[in-house]
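Okay, so here's the structure we're looking at.
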2 protein chains.
Amino acid sequence: MSVAIENFVKAIYNNENHDITDTKPGNIASKLGISSAAATDMAKKLDAKGLLNYEKYQALRLTKKGEKMALNVVRKHRLWEALLHQMFDMSLHEIHREAELLEHETSDFLAEKISEYLGHPKFDPHGDPIPNADGEITTKDTSIALINAEENTEYIVSRLMSTDKEFFEFCALNGIKYGNKIAVKKQFQNSKMTQITIHSNTIVLNQDFTQIIYVNEIN
Amino acid sequence: MSVAIENFVKAIYNNENHDITDTKPGNIASKLGISSAAATDMAKKLDAKGLLNYEKYQALRLTKKGEKMALNVVRKHRLWEALLHQMFDMSLHEIHREAELLEHETSDFLAEKISEYLGHPKFDPHGDPIPNADGEITTKDTSIALINAEENTEYIVSRLMSTDKEFFEFCALNGIKYGNKIAVKKQFQNSKMTQITIHSNTIVLNQDFTQIIYVNEIN
DNA sequence: ATTAATTTTTAAGTAAGCTTAAAAATTTTT
DNA sequence: AAAAATTTTTAAGCTTACTTAAAAATTAAT
């Protein structure tokens with residue numbers, strides 16, 4: 001499939017995955033740096049191909065087939081990031097830039113070779129889960145609020161589900177960001193608060209925050 | 001630059017490199033699997049871009065700029081082949097197939113990282129020389145006829161400059177093929193013959209053959 | 001509940017990279 | 001040196017993936 005189509009489908013997938021409810025052509029357009037008109041055209045074309053459902057003025061929704069394509073590209077992207085990070089010690093920014101190009105020119109065969117070589121990793125260097133060859137993500141992230149505190153388990157921040165500026169300021173101040181390691185030390189049942197450690201700092205978070213900070217367990 | 005342009009320039013380069021004197025649109029067309037008409041159009045376009053010289057009905061000749069572009073793509077191709085071969089133990093056919101795609105989506109930055117990682121190899125797994133970052137091939141192959149026989153030096157067959165069917169039958173029979181190791185044991189000055197070993201077989205070749213078998217010294 | 005602002009869609013048009021078919025030039029054969 | 005065969009070029013047309021500008025619909029504001 002063409003690079004344009006793969007990127008289009010991937011953009012919708014990423015949007016949906018970040019719980020943005022209605023993904024309209026305009027959103028995808030600005031994400032991909034194309035005009036809304038081009039995005040509408042593409043949406044119609046991909047509807048005809050059975051990759052998504054398009055109805056005038058409505059949100060775009062990937063079909064199973066479209067999601068599978070997106071997951072295949074995402075898998076390749078994250079495998080490349082993992083490989084480049086491990087082998088060449090490139091920065092997170094650099095690996096992303098290169099993976100963005102390589103992902104479209106990688107055969108399923110090569111992706112499997114990379115995965116094997118790395119021991120079938122479940123996460124990329126950002127902490128994002130790597131789908132398997134069938135497009136399944138076995139490891140689902142959960143909000144901190146739902147985790148049972150266990151001394152020795154470490155987690156990687158996967159999502160900060162908020163649009164509140166102050167929340168992000170708080171996160172920045174405390175090193176709570178995408179890809180960083182944290183440990184959940186104690187759940188206070190009555191007050192619904194959670195004690196975590198991050199960068200050897202201990203913080204207590206109330207429910208407002210623990211419900212919107214998502215993490216992945218480290219394999 | 002686009003994939004189509006990179007492949008076009010590379011096809012001309014490879015042709016020239018195999019001493020095929022006149023490379024016309026038709027040759028490139030059949031190599032790339034496009035029509036002659038498309039190749040002619042492209043040739044005109046690349047002439048305007050200063051990548052080659054095009055004159056109606058004449059052979060295509062790369063400019064310095066065009067050759068530099070070709071060498072840049074060839075470098076990436078061969079570095080990928082070397083990396084994939086070493087890391088994933090993929091066959092020569094497989095690494096070629098993957099490199100053919102990856103070469104166009106590889107930044108100079110990443111190419112340099114791969115080269116560094118591999119210790120700046122001078123040859124790929126086929127025995128073809130890898131141009132450096134400036135597009136220079138420091139190691140030039142030479143015909144067997146010009147080599148001084150030295151016991152411990154090994155060579156890799158790089159080119160068989162012939163179109164004669166019988167010559168290729170002879171080569172196939174004796175394991176003389178692209179990428180295979182040989183040693184030059186003795187030059188007979190008067191008769192202009194050369195004794196070589198290949199796969200622990202000893203063969204004596206006359207000048208007709210030694211002048212068209214090209215090899216690279218192993219680093 | 002209108003009006004205003006924004007977003008989406010339609011319509012027309014462009015550039016890249018192809019195609020086929022016919023015309024023109026070259027090369028080969030006799 | 002003509003005739004025949006082949007190759008190259010021209011011409012017209014197609015698809016993909018965009019663009020801008022105007023029309024249509026939706027969403028937000030008063």
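Predicted, not measured: the structure shown is a model, and the values here were computed from it.
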- [ ] Send over the distance from Phe8(B) CZ to dG17(C) P, rounded to a whole Å.
- [x] 11 Å
TODO: Mark yes or no for whether Ser115(A), through its side chain, and Ala111(A), through its backbone, hold a donor-acceptor pair below 3.5 Å.
DONE: no
- [ ] For the pair Glu94(B) and Lys113(A), find out whether any cationic side-chain nitrogen is under 4.0 Å from an anionic carboxylate oxygen.
- [x] no
Open item on the list: What is the distance, to the nearest angstrom, from the CG atom on Leu32(A) to the P atom on dT19(D)?
Closed with: 10 Å
- [ ] Would you mind building the protein contact string for nucleotides 4-15 of chain C? One character per nucleotide, 5' to 3', B for base within reach (heavy atoms under 4.0 Å), S for sugar-phosphate only, - for untouched.
- [x] ----SBBB----
Open item on the list: Checking the side chain of Thr194(B) only, and the main-chain atoms of Ala145(B) only, is there a donor and an acceptor separated by less than 3.5 Å?
Closed with: no
Open item on the list: Parallel, tilted or perpendicular: which one describes the rings of Phe209(A) and Phe170(A), with boundaries at 30° and 60°?
Closed with: tilted
- [ ] Mind jotting down which residue pairs meet the salt bridge (charged side-chain N to carboxylate O under 4.0 Å, His left out) criterion with at least one end in residues 45-65 of chain A? Sequence neighbours excluded, please.
- [x] Lys64(A)-Glu67(A)
TODO: Check whether any side-chain N or O of Asp124(A) sits under 3.5 Å from a backbone N or O of Ala82(A) as a donor-acceptor pair, and report yes or no.
DONE: no
- [ ] Scan every strand shown for a Watson-Crick or G-U wobble partner of dA4(D), both distances under 3.5 Å, and answer none if you come up empty.
- [x] dT27(C)
Task: Exam field: side chain Thr23(B) to backbone Ala59(B), donor-acceptor pair closer than 3.5 Å - done: no
- [ ] Determine: side-chain N/O of Ser2(B) to OP1/OP2 of dA16(C), distance under 4.0 Å, yes or no.
- [x] no
- [ ] Take nucleotides 1-6 of chain D nucleotide by nucleotide from the 5' end and write B, S or -, depending on whether a protein heavy atom sits under 4.0 Å from the base, only from the sugar-phosphate, or from neither.
- [x] ------
- [ ] Between Lys49(B) and Ala39(B), just flag the one whose closest nucleotide in DNA chain C comes earlier from the 5' side.
- [x] Lys49(B)
Open item on the list: Any salt bridge linking Arg78(A) with Glu103(A)? Criterion: basic side-chain nitrogen under 4.0 Å from a carboxylate oxygen.
Closed with: no
